[in-house]
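To start, the structure under review is shown below, and the notes come after it.
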Amino acid sequence: DGGITQSPKYLFRKEGQNVTLSCEQNLNHDAMYWYRQDPGQGLRLIYYSQIVNDFQKGDIAEGYSVSREKKESFPLTVTSAQKNPTAFYLCASSAPHRVGELFFGEGSRLTVL
Amino acid sequence: RKEVEQDPGPFNVPEGATVAFNCTYSNSASQSFFWYRQDCRKEPKLLMSVYSSGNEDGRFTAQLNRASQYISLLIRDSKLSDSATYLCVVLRGDTDKLIFGTGTRLQVFP
């Protein structure tokens, strides 16, 4: 079955540590996205990539980094520079010309202690 | 003012009831609209795309009113399994950017 796999589902880290969240898709989609969801707020875009080896900052990119070395993979690193990293992180992809029709992974819930 | 606004609810309705949610958007450059369903602590899943004045899919009907800048989602014959948060999402034509509402929570009781 095609889909998006995120790992880990739950992650606990100490302040000051970098963490990397994995996102892999087998839908053959070019476009991939990282969103952050906080209670009482809409999803906010962190980074997106329309094609391999290219990515752009979203609305809240500060303190995050990404890479897109393969079409299937779009990992997100939450660096120690991110002031409020505790959140639910969602990776998504979309087919060409279907920007609003996102397929999401199950999410990674990061808690910084 | 938020660019996409939804009543957070919760809407508590009995099984079999009809319930409707509204979502208002402020940017007239918005061109496409979507409803997503999100279960508690899970990922959002696309429920319906709304490209023209509206569309229907089984018990679900979405309508778009461009003049008043709102979209609505109507659920008929509510089931217990419809209990979830419904996210309104708007695609802005000028930036090709998706704007997510904060969601409306629906609780269907027996």
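Convention: sequence-line order gives letters A, B, ...; per-chain numbering from 1. The structure presented is a predicted model; accordingly, all values stated were derived computationally and were not measured.
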Part of [X] lying under 4.5 Å from any heavy atom of chain A:
| X | answer |
| --- | --- |
| B:Leu87 | side chain |
| B:Ser32 | neither |
| B:Pro8 | neither |

Checking [X] against chain B: side chain, backbone, both or neither under 4.5 Å from a heavy atom?
| X | result |
| --- | --- |
| A:Gln6 | neither |
| A:Arg44 | neither |
| A:Tyr48 | neither |
| A:Leu90 | side chain |
| A:Gln41 | backbone |

Any cation-pi pair here, A:Arg109 with A:Phe88, using under 6.0 Å and within 45°? yes
Pair [X] + [Y]: basic N to acidic O under 4.0 Å:
| X | Y | value |
| --- | --- | --- |
| A:Arg68 | A:Asp54 | no |
| B:Arg37 | B:Glu43 | no |
| A:Glu106 | A:Lys9 | yes |
| B:Arg92 | B:Glu3 | yes |

In terms of relative ring orientation, are B:Phe11 and B:Phe21 parallel, tilted or perpendicular, with 30° and 60° separating the classes? perpendicular
Aromatic ring pairing B:Tyr25/B:Phe33, orientation class (parallel under 30°, perpendicular over 60°, tilted between): tilted
Choice from B:Gln38, B:Lys42, B:Gln6 maximising heavy atom contacts with chain A below 4.5 Å: B:Gln38
Below 4.5 Å, heavy-atom pairs only: which of A:Gly107, A:Gly105, A:Gly100 has the largest tally toward chain B? A:Gly100
